[in-house]
Every structure is written in C-alpha cells, then in structure tokens.
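To start, the structure under review is shown below, and the notes come after it.
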Amino acid sequence: MKLTRRQTLASLGLAAGAGLLPRLALSQDAGAFRIGALNPVTGAGGPYGTGMQKMILAAAEAVNAAGGAGGRMLEIFAEDTQTQPQAAVLAAKKLIDVNKVQAILGTWSSGVSLAVIPLTNEAGIPLFHCSGAPALSVPPANEKKLGYRFQATNDRFGRAFAEIAKKEGFKRPATMAFNNASGIGNTEGFTRAWTAMGGEVVASVVYEPAQPSYRAELQKILDAKPDVIVTGSYLADTTIILREWYQTGEETKWIIPAWAANPELVKALGPAVVEGIISVDSISNEGSPAFAAYDAAYQKAIGKSGLGNVYAAMAWDMVTVLALAMEAAGPGADASAINAKMRDVANPDGTKVSSFAEGKAALKNGKINYEGASSILDFDEFGDVTPDFAASFIRNGEIKREYQVKL
Amino acid sequence: MTSFVELLLSGITSGLIIGLAGLSVTLVFGIARFSNAATGDTMTLGAYGALMGTSLTGSLLAGGLIGLAAGALSAILAYVLVFRPLQNRSPISSLLASIGVAFFIRAVLGVVFGHDQMVFQMDLVRPFRLHGVRIQPNDLKFAGVAILTLALVFVVLHLTPIGRRMRAVADNPLLARVSGIAPRPVMFTLWAIAGAVAAVAGILLGMKTVVSPESGWDMLLPAFAAAVLGGIGHPVGAVLAGVIIGVAQELATPFVGFTYKIAISFLVLLLVLLVRPRGLFGKIEGVR
Amino acid sequence: MDAYLIAIGTIAGIYLLLALGLNLQFGLTGLINFGHVGFFCVGAYTSAILSTKGVPIPLSLAAAAVLAMLAAWPLGIISIRLREDYFAIVTLGFSEVVRLIVTSEGWLTNGVQGIAGIPRIFRDGAGEAQAVLMLGLTLAFCFIAILAMMRIVRSPFGRMIEAIRDNEEAVRSLGKEPAGFKMQVLLLGSMLAGLSGALYAHYIGYISPDQFIPFVTFQVWMAIIMGGVGRISGTIAGVLILMFFLEGSRFLRDFAPFIPEVSMASIRLGVIGLALILFTIYRPQGLMGDFTKR
Amino acid sequence: MILNINDMSKAYSGLVVVDKVSIRLHDCEMIGVIGPNGAGKSTLFSLVTGFLEANDGDVVLDGRSLGRHSAAERARHGMVRTFQVPREFANMTVRENLMAAAPRQSGENLISAFFRPRLVAAQEKEIGSRVDETIAFLKLERVADSLAGRLSGGQKKLLELGRALMTGARVILLDEPFAGVNPVLIEELSSKIRALNARGIGFLIIEHDLGALSRLVSKLYVMDRGRLIASGTPQEVLADPLVREAYIGGGLA
C-alpha cells in the first residue's frame with residue numbers, strides 16, 4: 001500500500017468534497033435566511049448538544065409553518081463543535097464561508113463561544129450562546145454587541161449566592177471553586193457581591209479536577225471555621241468533596257449551584273449527607289406556554305421530558321427570538337437591522353407572547369415581549385439574559401424550591 | 001498539629017492507592033520490561049467492573065472481586081493480543097502500543113457507560129476521635145484493603161514457585177530463559193497480577209471519589225512517579241514511594257497552592273531522576 | 001478555492017509543523033517526546049500574550065519559537081541522559097506542568113478564562129484574502145521546515161542522529177556524545193512546536209489551557225506512526241490522514257447515523273488507540289515505508 | 001602506546017563482579033582475556049571503556065589517567081571497544097556506518113551543516129575516501145551499500161572493527177570477535193587483526209575460541225569469578241591446573 005503525496009491529497013479533497021456535497025445540494029434558495037446550528041454534539045457537551053440541535057430544527061420548522069419570518073423561510077445548517085475550540089472554529093468557518101449563514105446559534109462551552117465570537121463579529125452576524133463566562137459580555141469578545149447569552153452568567157450566579165447567604169443570616173462564608181472559567185466565575189461573583197455588602201470571605205480555595213482526595217483543600221477551608229461554604233463546582237467534584245466533608249464530622253452549610261446539587265448528587269451520597277444543602281438555580285419558565293410548546297417538541301424529537309435539557313430550551317428560544325426580531329425588522333433586513341430589534345421583541349413593555357406565530361400576529365399591533373421556555377428572556381445592555389434565581393433546600397432527600405431571589 | 005496528623009493519615013490512604021498503581025507499573029516493568037501506560041485505564045476498567053458486579057450481586061465484596069477479575073482479564077487480553085506480539089521488539093513499541101490500549105479501553109468504557117459519573121453506594125460514617133485526631137473508618141477500610149492486596153502480592157512473589165520464577169525472570173530474563181524457566185506461565189501470572197492490582201487501585205479510587213472513563217488516566221503520572229521513585233522494578237519501593245508521594249501531595253499543597261497538586265509528583269519524579277536515577281531502593285540498573 | 005478547505009489546509013499546516021518536529025525527534029533520533037504539546041502551548045501563549053500587549057506579530061512569532069526552545073533547554077539538561085522511557089515519562093509530566101502553570105498563573109495567562117481576541121496575522125483585506133494569506137504563511141513555514149529537515153537528513157549531523165536512534169551505546173563507543181546531539185534535536189523540535197503554537201493562537205484567536213492536553217501530543221504521534229516514522233513524506237501523509245480522520249468524523253454522521261453522537265468523542269479516541277496498536281504491531285514502518293528505504 | 005589497567009573493581013550491592021583486575025598492554029601487544037561465563041570479562045571491558053562506572057581502579061593510556069572520563073572521551077583518546085553482540089547501526093548502510101565513525105566532522109555541528117556547505121562537502125569527500133579504503137581492506141565492497149542490519153554475524157564483526165578503525169583508535173578492545181562467525185571468516189578476521197597490529201594498533205581480546213585466540217595473542221589473562229587467576233603465554237596458561245579447574249564444565253578446548 002503505497003500512496004504518493006498527491007494521491008493522498010486528492011483522496012482527502014475528494015472525501016471532504018463528498019461530505020460537503022449533500023449539504024451544498026440542499027436548496028440554497030436565495031430567499032431563505034440561513035442559520036448555523038453550532039452545538040456540542042460530541043465531547044463534554046454531548047449530553048445536551050443533540051437536543052439543542054434538534055430543538056433549533058424544530059423551532060425553525062414552527063417558524064416556517066407560520067409562514068416564515070420577515071417574509072423569509074429559515075434554513076438550518078447543523079455542525080458539531082466537538083466541545084473543542086479548534087474543531088468549533090473550523091466548523092464556524094465552514095458555516096460562514098461555505099454555507100453563508102447569517103446567524104450562528106447554540107454554542108455551549110465558554111471556550112468554544114470565546115473562540116467563535118471573533119469570527120461572527122467579523123462576519124457581522126449574531127452569535128447566540130449559552131456560556132457562562134463573564135468575558136463574553138464585554139469587549140473585545142462582544143465589542144459589536146452581536147453576542148447574546150441565553151444563560152445567566154456565572155457572575156450573576158455568584159451574586160444570587162450572596163443574596164441567599166445574606167438572607168440565611170450567614171456571617172462567615174468560605175468559597176471553593178473548580179479551576180475553570182465557570183467555577184471561578186461563580187465564587188468570584190459571590191465574593192464581589194458579598195464584600196460589597198460589607199461582608200468578609202474567611203477562606204477560599206481553587207482546586208484542580210481529578211484528584212484522589214480533596215482533604216487538604218477542605219482542611220484549609222474548615223480551619224477557618226466558616227458557617228457556610230459556597231462552591232463553584234460540578235457534580236463529580238462536589239460528590240467527592242461532600243463525601244470527604246461528611247467524614248470529617250464538621251457541621252457546615254453549603255450553597256451549591258443547581259447543576260451540581262441535583263437529584264444525581266442526592267442519589268450518589270444519600271439523604272443524610274446532603275441534608276440542608278442550598279441548591280441555587282436560575283428560574284426557568286417551566287409553567288409557561290412557551291415551555292409547554294418546547295416540551296412537546298422535545299418529547300417528539302427525543303422521547304424524553306424537556307426538563308432534563310435546559311440548554312435545548314435555550315436553543316428553542318434562540319430561534320424564536322431571532323425570527324421575531326426578523327419579523328420586526330421587516331422583509332430583507334440585514335443582520336444589523338435584525339440585531340437592533342432583539343430587545344424590542346424580548347424585553348418588557350409589550351404584549352407578552354409565547355410563540356413565534358403569536359408574536360408575528362401581535363407585532364402588527366405594536367411592541368411585543370417574548371416570554372421564553374428557558375426564562376422570561378429579557379436582555380440587558382450586554383446582551384445577557386437576566387433571570388431571577390431560586391433557592392432550593394435539600395430535605396430528606398428531596399430538593400424543594402423555597403423562595404425566589406431577585407437581583 | 002491534629003490537622004497535620006489528619007492530613008498525614010489522608011495522604012497515606014491516597015498514597016496507598018498511588019502505590020498500588022505504581023506496583024502494577026513496576027511489576028510489568030520488571031518482567032515485561034516496558035512502561036505500561038495502560039495501567040491507569042486498567043484501573044478505570046476495574047472500577048467499572050466492580051460497579052457492575054456490585055449492582056448485579058448486591059454485594060460490595062463480590063463486586064470488588066468481579067472488578068478485580070475484569071482488570072486481570074483485560075491485562076491478560078492486552079498481553080496476548082498486543083504485548084506478546086511485540087515482546088521481541090524495542091520497549092518503545094510496547095510503550096506506544098500501551099498508549100493505544102489505554103485509549104481503546106477508555107473509548108470502550110465511554111461508549112458503554114457514557115460520561116456521566118458513577119458512584120459506589122457506600123455508607124458514609126462520621127469519624128471517631130483518637131486523642132483529638134479524627135479517624136475516618138472508611139479510610140481505615142481502604143488502607144486495610146490496600147495493605148491486604150500488597151500482602152497477597154508479596155506472598156505470591158516470595159512464597160510460591162511461580163513467584164520465585166517471576167523474580168528470577170525479573171533479575172535476568174536471559175538467564176531465566178536459558179535455565180529452562182518457561183516464560184509463558186510467568187507472563188500470564190504477571191499480567192493477571194498487574195491487572196488485578198491496578199483494578200484494586202481503581203476500585204479504591206472509585207470508592208474514595210467517583211468513577212468516570214477519564215479517572216484512571218489522571219493517576220498515570222503519580223503511578224509512574226511512584227514506580228521511578230521506588231526504583232523501577234522494585235515492588236516494595238513502589239508502594240513506599242506511592243505513600244511518600246501521597247503524603248507529600250497532601251502536606252505540601254497548602255503551601256504551593258492547590259492547583260499545583262499534580263505537579264508535586266512530577267517534581268518528585270524529576271528530583272529522583274536527577275539525584276538518584278536508581279530510585280530509593282533501586283538495584284543494578286542500566287544507568288547510562 | 002473553498003474557504004473550508006483553506007481552513008483545513010491551515011490547520012493541517014500547523015499540525016505538520018508539530019509533526020515535523022516530532023519526526024525529527026523520534027523518527028530520526030529516537031527521542032520519545034510525550035510532551036510535545038507543552039512546547040506548542042508555550043509558543044501559543046508567548047505569541048498570544050505578546051501580541052495582545054502590542055508587540056508586532058513577526059516579533060511575537062519569533063519570541064514564541066525562541067521561548068519554546070528555551071523551555072526545552074532545562075528539560076533537556078535534566079532528562080536527556082535518561083533512559084528512553086524515563087525521558088518519555090518526564091516529557092509527559094513536563095507538558096502537564098506547563099498546562100498547570102498556564103492554568104494557575106492567571107496574572108500572566110488569564111488562567112482558565114483563556115486569552116481571547118488574539119490578533120490575526122493578516123488583518124487587511126477581505127476575509128477570504130486573509131485566509132489565503134494565512135494558509136500561504138503556514139505552508140511557507142512548513143516548506144522551510146521541510147527543506148531544513150532534508151538538509152539535516154543529508155548532513156553528517158543527520159547521519160549521527162540516525163546512528164543514535166539505531167544504537168546509542170555504539171555511538172558512544174565511537175567517541176561521540178549522544179547527549180549533545182539529542183539536545184539540539186530537542187531544541188529544534190521544540191522550536192517548531194513553538195512556532196506552530198504561535199500560528200495556532202493567531203489563527204484560532206482564542207486559547208485556553210484545556211486546548212493543550214496530552215491528547216494533542218498523541219494525535220501527532222498517531223500521524224507520524226501511520227505515515228511512516230523517520231520519513232518526511234510519511235510525516236506529510238500522516239498529517240493528511242490525521243486531518244482526514246478528525247474532519248472526516250464530522251461527515252461520518254451523514255453516512256452512519258446509527259452511531260450515537262454522544263459516543264463520537266469516545267469513538268475518535270478509540271480509533272486513535274486502535275491505530276497506534278495496529279500500526280505498532282503490523283506496520284511499524286507506517287504507510288510510506290520506513291527510514292530504511294529513504 | 002601503553003595501556004595500564006590498574007586494580008579495576010566493581011561490585012553490585014555487595015556482589016563483587018570484578019575484583020582488583022590489573023592488565024598491562026605494552027607497545028602493540030595483543031592480549032587475550034579468557035574465563036568461564038560470568039567471570040566478569042565483559043564487565044571488565046565496560047569498566048575500562050567507561051560504559052560502567054568502576055568502584056575502584058584506574059585506566060591509564062600513555063600516561064594519561066582516563067578513569068574519570070566518559071565513555072566517549074575515552075574513545076576519543078584512542079581506546080575503542082566492540083560489543084559481544086554487534087551493535088551496528090542497523091538502518092544505515094555499511095558505508096554510512098563507517099562514515100559516522102570518523103572523528104571531528106564539522107558537519108556534525110548544525111550551524112556548519114547549514115551555513116558552511118563547502119567545508120562539509122570537502123570533509124565528506126575526504127572521509128569518503130578513507131571509508132573506501134577501509135571497505136577495501138575489510139573486503140566489504142559487495143555489501144557497502146546494504147543495510148548493516150542485513151549483514152551476517154561475521155560481516156557485522158568486520159564492520160564494527162572497521163568503525164573502530166575509522167575513529168583512528170590506537171588500542172581496540174574486541175569482545176568475542178569470533179562468536180557466531182564461520183571458520184573461514186574467523187581466519188579472515190584474524191588476518192585483518194594481525195595486519196592492523198602490524199600497523200601499530202594494540203588489541204585486547206575476549207574470546208572463547210581459545211584455538212583461534214592462542215594463535216593471535218602473545219599473552220593470555222584468565223579471569224574467574226571476577227579475579228585474575230593466571231596470566232602468561234597461551235601455552236603456560238593453558239597448562240595451569242588452576243585454569244583447568246576453573247574451566248571444568250566451562251568447555252575448555
């Protein structure tokens with residue numbers, strides 16, 4: 001088996017071409033509005049990516065069924081980020097250069113969004129993402145104000161933690177953060193908000209993942225005698241830390257983000273260990289009609305409840321909000337005209353609507369306010385959603401929501 | 001002071017796990033003569049085996065034995081399919097192939113079990129105090145299992161005919177072949193033991209932490225460091241070195257910063273190679 | 001030209017620089033460097049940090065190459081005389097420590113947040129023209145590197161490193177010190193990796209510590225092993241295979257919808273693993289034949 | 001040329017492998033070292049040439065102590081060894097093997113290799129002609145461009161000898177030059193060694209083929225369990241009862 005360099009090159013080109021062909025052959029109808037669905041189908045985001053992609057398709061179908069937006073049908077080009085910046089950049093380049101998409105929706109991890117946003121900025125098209133990193137709100141990443149965040153920032157989570165800690169009457173908080181942008185974002189947000197209230201953080205630790213033991217880290221925290229430990233952590237490390245903490249015999253309270261303090265954690269550790277833990281979540285819009293519509297679509301596409309994939313709900317909202325903005329901007333509007341209408345269709349002071357069809361009709365009579373499936377979906381000046389938060393307490397193995405926190 | 005002692009105890013427990021992994025590395029190195037990068041993922045495999053076994057039989061002990069068997073079996077398979085065909089080639093071939101084996105095991109585990117964490121359902125108990133020092137019963141159990149495993153391995157190595165033959169091969173493979181010690185049963189025993197020991201390390205790690213397809217690979221560097229520090233090919237050395245590394249990690253990180261925890265084992269590795277390339281207990285070694 | 005293929009070509013060029021360095025180290029000299037990604041990382045961060053602070057890009061590229069080399073130097077002093085598998089472990093550890101350092105030293109590297117907004121090398125003109133220029137620059141570096149490799153292979157230096165690969169003891173018995181040669185090879189390969197990292201940083205525009213995991217090193221290993229160890233043509237072929245594999249899996253879903261998407265990352269890992277095993281056992285000389293038939 | 005090996009000793013964790021061995025090699029002598037398997041002969045060679053670190057003892061070549069020098073430095077001073085199992089550069093041709101052995105090549109410096117091509121080319125030409133001579137002397141013309149790994153055992157021994165010659169060695173330590181070599185080639189090899197000796201190169205030879213060795217050397221040293229137990233002319237040594245005893249089961253010819 002001897003391949004010359006030329007043959008190898010040729011076969012590579014051929015194969016790549018063959019892969020592209022079916023997509024290129026899709027009706028690249030000049031009138032359609034082309035959208036790139038760039039999701040973490042494989043890699044760490046794999047559990048969510050497929051659902052996100054399918055919900056983008058489903059929402060686009062709903063828009064097209066309602067006669068399109070701004071006189072145009074939506075056409076979706078789906079790609080996988082592999083939850084890796086390098087692969088995501090290649091995919092984004094393909095979407096922008098080959099498919100000529102006019103918006104990219106659904107990047108998930110902060111690393112990927114940070115890598116892709118320079119490309120969308122340069123192409124002058126919007127990027128809708130659900131990443132937590134605060135850096136995505138401000139220049140250079142968001143200098144063109146084309147980036148929209150459908151998930152609360154980690155910093156905002158941190159502020160919610162501080163509000164809850166204050167409300168619960170804690171005096172001596174300590175923090176533990178997983179060493180990544182999201183984990184540190186949470187605890188730094190907390191520390192900033194807490195010290196702004198005049199409080200003091202008695203100890204803080206940033207730890208590396210994948211350790212056989214977190215005893216030394218815990219010891220440092222516990223030595224400061226905190227009354228509550230606030231974490232920016234994930235499920236695996238939270239499991240290990242709580243297990244070791246319980247076995248030290250200390251009685252401390254915990255405030256943990258809901259993606260870590262969830263039923264899985266209760267199952268892994270048993271009710272005795274997790275008793276009294278405060279789990280903090282941004283409030284999704286579970287009771288809303290928009291959520292019901294999304295949930296039905298999710299059931300149909302995946303066969304599971306839409307509750308299990310909050311990012312898929314965000315992806316659903318991304319398409320709907322984009323289509324509403326297109327409708328508001330009118331036929332033939334370009335990306336910047338559409339971008340200018342984003343807050344007009346999503347933020348308050350308008351008729352509350354919960355689907356594209358409803359909104360399209362209401363737009364004829366003036367301003368609308370889309371209330372989404374993932375949250376009520378209001379954007380601040382940075383293009384970030386500003387959801388409220390809920391504090392849930394784990395009691396007897398049940399996670400019960402007790403009150404809301406408005407920031 | 002009590003907190004120092006507590007950290008020390010905790011370090012010894014994690015150190016024993018590192019030491020077990022290092023023992024597996026060092027056994028393979030002593031007899032099969034290459035650094036087995038698949039050790040970490042054999043650990044993971046053992047942990048998953050034990051998880052499956054526990055949920056099938058409902059007993060942690062039976063599950064652990066199943067995990068142990070899974071580790072041994074996979075190591076023997078790797079030997080028969082990969083390392084035996086390579087045994088007359090340079091150790092580098094085996095090392096490279098062992099990385100392939102590592103990736104392959106991890107990929108299979110990822111496909112079969114997914115990437116969500118899994119945990120051993122264990123009773124968590126509050127510690128008791130001895131002169132003010134908190135002693136965690138589970139730590140004692142882990143240490144007990146680790147020490148029992150070590151004892152068994154040393155019994156096999158020193159008190160059984162096959163163990164004596166293994167040590168003979170380790171001392172001089174050429175001589176052993178000439179003098180008629182058939183290497184084949186020796187090799188099978190070696191891989192069974194190496195796989196089982198790695199599996200025990202993986203199971204203990206899984207009980208202490210959580211099980212995910214990546215968890216074993218992260219232990220590879222500490223395991224190698226333990227093997228080198230102990231004097232590669234030297235079982236007792238590997239275990240003691242593992243304990244030293246475990247203790248060093250727990251005690252030193254509050255000073256150097258927690259994010260540099262993994263770097264400690266690398267530092268130990270470098271220092272040993274610089275100062276005493278033979279390791280703490282190294283015998284004659286082709287030092288160049 | 002298709003913009004997507006230009007993008008693939010650029011990434012392939014970046015990988016090729018990495019692979020050429022590793023081929024010099026392993027294929028020609030027998031150095032088992034399992035920490036190649038560490039030097040790639042040093043290069044990427046050097047150029048990213050300097051250029052975002054306003055240093056002109058040609059300078060930051062040069063600094064990246066030099067700094068990666070400088071990082072290799074103490075490592076070489078400590079470990080170059082070690083047995084080959086010790087060297088492998090030490091280099092693997094080195095790359096992990098580099099990753100820990102860029103993770104932890106946030107004041108310099110912005111830690112886990114990574115460095116965003118790294119300026120592109122070509123900023124004027126249309127997007128397509130920029131992309132073609134970047135591809136051109138990357139391939140030009142590859143071309144220079146390939147010419148240099150060919151020069152090295154034909155020189156007495158090249159003869160000596162191949163002798164070291166074949167039998168280090170014999171080299172010493174002839175009165176030559178292998179360590180010096182190996183050190184130079186380590187430095188050269190690291191320089192290429194550093195340059196490659198710098199190009200990568202400017203091309204992707206965003207770097208963070210989790211992009212520099214050992215898996216990258218082993219992808220490059222797979223490339224040179226599949227292509228043919230010790231041969232420049234093999235290195236090129238290997239990188240093309242690697243790109244085809246990495247990008248091809250993007251299209252695999254169109255043809256094999258039965259593979260669950262979530263497993264795809266595992267499958268990629270498994271294929272790399274299998275390739276390493278099968279090629280080491282059955283075709284150690286790689287697809288392009290081995291160094292013996294240059 | 002005078003080589004003095006003084007009180008060479010080596011022990012591994014208490015086990016003495018080489019025990020105070022002293023050997024003297026005067027102008028252009030050829031000396032044989034014999035002894036049963038495991039007597040420490042090869043270890044002695046490694047100690048002398050610096051491949052193993054000695055616990056004690058020294059090597060003095062022409063009045064210069066080499067005991068603290070690295071293996072490569074010792075080789076550069078003119079003391080070159082071969083190996084019991086040939087260590088050819090298997091993936092290089094015979095010619096390349098020999099070219100690589102030539103000392104002081106400026107092309108081995110990367111900077112010269114890149115920026116002084118003419119100097120390097122001139123040197124290569126000069127080395128090339130010396131290699132041609134060596135190949136002709138060793139009668140390796142037919143395999144000059146074959147890969148060294150494909151040579152027969154005897155040819156590999158010749159090649160190692162050739163490489164040693166290319167370094168300009170003054171004394172060569174041959175470790176079992178006749179092992180695995182067919183009888184015809186043994187004669188060939190012996191005659192080459194004799195010819196080189198006549199040109200002024202000293203030889204220290206470990207060999208089990210006592211017949212061939214006795215015809216070659218003027219003096220034999222006998223080692224057993226790490227110690228020298230006898231020395232003298234081949235006739236004297238082979239008649240020594242101590243030697244005979246040491247060799248029982250060792251297969252004395």
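A note on names: the letters A, B, ... follow the listed sequences, proteins ahead of strands, and every chain is numbered from 1.
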Fill in: Glu53(D) atom CD: more than 12 heavy-atom contacts under 6.0 Å
no
Pair count under 4.5 Å, heavy atoms only, with chain D: among Met160(C), Glu177(C), Gln184(C), highest is Glu177(C)
*asked:* I'd like to check Pro156(C) versus Met99(D) (side-chain heavy atoms, cut-off strictly below 4.5 Å). Are they in contact?
replied: no
Applying a strict 4.5 Å limit to non-hydrogen atoms, the region of Thr167(D) in contact with chain C is side chain
The interface call for Leu188(C) against chain D, heavy-atom contacts under 4.5 Å, is side chain
Original post:
Side chains of Phe83(D) and Asn167(C): closer than 4.5 Å at any heavy-atom pair?
Top reply: no
Okay, Thr82(D) and chain C: the region with an atom under 4.5 Å from a heavy atom over there is neither
Q | Any Asp166(C) side-chain heavy atom under 4.5 Å of Arg87(D) side chain | A | no
| field | Heavy-atom side-chain contact between Glu124(D) and Arg159(C) under 4.5 Å | value | yes
- Task: For the residue pair Glu108(D) and Ser155(C), establish whether any side-chain heavy-atom pair is separated by less than 4.5 Å.
- Result: no
So, the part of Ala148(D) with a heavy atom under 4.5 Å from chain C: the answer is neither
Rounded to the nearest 0.5 Å, the CZ atom of Arg165(C) sits from the CG atom of Asn91(D) at a distance of 5.0 Å
**Heavy-atom check, side chain of Glu169(C) versus side chain of Phe51(D), under 4.5 Å** = yes
TODO: Can you establish whether the number of heavy atoms outside Arg154(C) located under 6.0 Å from its atom CZ is more than 12?
DONE: no
ask   = Does Phe89(D) reach the side chain of Val171(C), with side-chain heavy atoms less than 4.5 Å apart?
value = yes
(message) Is it the case that the side chain of Lys176(C) and the backbone of Arg76(D) share a donor-acceptor pair, with hydrogens and angles ignored and the cut-off at 3.5 Å?
(response) no
Please examine the side chains of Leu174(C) and Arg163(D), heavy atoms only from C-beta on, and report whether any two atoms are closer than 4.5 Å. yes
